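Below you'll find the structure, written out as structure tokens, and then a few comments.
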Amino acid sequence: TQQPLSNAYADDERLISTLFQKLLDSWGNGDGYAYASHFTSDSDYVAFDGTHRKGREENAVAHQQLFDTWLKGTRLIGNVESIRFLSPEIAIVHAVGGMLMTKRSTQPKRQSIQTLIAVKNDGNWRFTAFHNCRIQQRNWLENMIFGLSTRLFHR
């Protein structure tokens with residue numbers, strides 16, 4: 001686990017890390033409304049494919065549809081890598097993790113990095129922004145092919 005940046009923020013870092021874990025647990029329970037409850041009512045949520053959800057309600061409905069169909073029975077695993085406080089009520093959170101497709105899975109097939117903005121209101125932390133991006137791990141040849149194909153086919 002990470003070490004608190006300072007004693008002044010140690011409790012808040014623990015609360016934010018716990019909030020992130022609750023987010024993962026809600027996904028594993030297949031509960032879109034519980035998942036979205038960890039976000040502010042006016043939150044922005046950007047998925048790995050660029051889908052942008054505005055607000056808690058849209059986030060809840062969209063995730064519940066996914067949990068009832070394509071993502072049924074999936075779980076998320078992840079870790080908070082860093083928390084940087086911009087003020088006592090605003091923090092940037094970086095986490096890494098991935099989705100487990102079956103109950104028996106122990107390692108995600110594709111890792112992602114998430115950037116979240118946490119805000120504190122009336123003593124409670126919630127996420128107000130979320131952006132998820134797949135981690136690309138290419139060797140030099142894959143990078144060269146990617147660069148060439150981008151130049152040739154995406155003009």
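Here the structure is a predicted model, which is why all the values come from computation and not from measurement. Numbering of residues begins at 1 and proceeds along the displayed sequence.
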Item to check | Beyond-backbone contact of V93 with V80, side-chain heavy atoms, under 4.5 angstrom | outcome: yes
Next on the checklist: Within the structure provided, determine whether K120 and P88 are in side-chain contact (heavy-atom separation under 4.5 Å).
Outcome noted: no
Checklist entry - Donor-acceptor pair, D49 side chain versus T51 backbone, under 3.5 Å? => result yes
Checklist entry - Which atom names give the shortest non-hydrogen contact between A62 and R53, and what distance separates them? => result CB-NE, 3.1 Å
Checklist entry - Are L19 and F127 close enough that some pair of their side-chain heavy atoms sits under 4.5 Å apart? => result yes
Checklist entry - Does the cation-pi check pass for R134 over F48, that is, NZ or CZ under 6.0 Å from the six-membered ring centre and within 45° of its axis? => result yes
Checklist entry - Would you say the ring centroid of W27 lies under 6.0 angstrom from that of H63? => result yes
Item to check | Between NE2 on residue H52 and NE2 on residue H131, distance to nearest 0.5 Å | outcome: 9.5 Å
Item to check | Euclidean distance, R75 CZ relative to D25 CG, rounded to 0.5 Å | outcome: 11.0 Å
Checklist outcome for this item: Distance col, row Q111:CD vs M99:CE, nearest 0.5 angstrom, shows 12.0 Å
Checklist entry - Are T115 and H94 close enough, and set up right, to give a side-chain hydrogen bond (donor to acceptor under 3.5 Å, both in side chains), and what steps lead you there? => result CA-CA 5 Å; T115 302; H94 283 106; 3.2 Å; yes
Item to check | Side chain proximity check, T128 to D44, heavy atoms < 4.5 angstrom | outcome: no
Checklist entry - R56 and S43: which non-hydrogen atoms are nearest, and at how many Å? => result N-OG, 3.9 Å
Item to check | Step-by-step side-chain contact (heavy atoms from CB on, under 4.5 Å) determination, L23 to F39 | outcome: CA-CA 9 Å; L23 190 70; F39 293 89; 3.4 Å; yes
Checklist entry - Once the angle between the rings of F130 and Y45 is folded into 0 to 90°, is it parallel (under 30°), tilted (30 to 60°) or perpendicular (over 60°)? => result parallel
Checklist entry - What do the steps show when you test L100 against L76 for side-chain contact (heavy atoms from CB on, under 4.5 Å), and what is the final call? => result CA-CA 6 Å; L100 302 176; L76 290 182; over 6 Å; no
Item to check | Contacts of L86 that satisfy side-chain contact (heavy atoms from CB on, under 4.5 Å) - sequence neighbours left out | outcome: R84, I90, I92
Next on the checklist: Run L24 and F20 through side-chain contact (heavy atoms from CB on, under 4.5 Å) and show every step you take.
Outcome noted: CA-CA 7 Å; L24 302 181; F20 183 75; 3.8 Å; yes
Checklist entry - Is it true that a side-chain atom of R126 and a backbone atom of S37 form a donor plus acceptor pair closer than 3.5 Å? => result yes
Item to check | Nearest-0.5 Å distance that lies between atom CG in N79 and atom CD in Q21 | outcome: 8.5 Å
Checklist entry - Does some side-chain heavy atom of F85 sit less than 4.5 Å from a side-chain heavy atom of I16? => result yes
Next on the checklist: For D12 and W125: C-alpha separation, side-chain torsions, deciding distance, then whether side-chain contact (heavy atoms from CB on, under 4.5 Å) applies.
Outcome noted: CA-CA 8 Å; D12 286 317; W125 286 98; 2.9 Å; yes
Checklist entry - Is V46 linked to L116 within one hydrophobic cluster, defined over Ile, Leu, Val, Met, Phe, Trp and Tyr using a side-chain heavy-atom separation of less than 4.5 Å? => result no
Item to check | From S112 atom OG to N132 atom CG, the distance as rounded to the nearest 0.5 Å | outcome: 4.0 Å
Checklist entry - So do N121 and N124 actually touch side chain to side chain, heavy atoms under 4.5 Å? => result no
Per-pair distances, 0.1 Å, donor-acceptor, side chain in residues 64-71, under 3.5 Å, sequence neighbours excluded:
residue	atom	partner	partner atom	Å
Q64	OE1	G32	N	2.6
Q64	NE2	G30	O	3.2
Q64	NE2	D68	OD1	3.0
T69	OG1	Q65	O	2.7

Next on the checklist: I'd like to know if the side chain of N59 reaches the main chain of G55, judged simply by a donor and an acceptor atom lying under 3.5 Å from each other, with no hydrogens or angles considered.
Outcome noted: no
Checklist entry - Linking Ile, Leu, Val, Met, Phe, Trp and Tyr through side-chain heavy atoms less than 4.5 Å apart, which residues share a cluster with V61? => result Y33
Checklist entry - Quick one: do D11 and R14 make a salt bridge, cutoff under 4.0 Å? => result yes
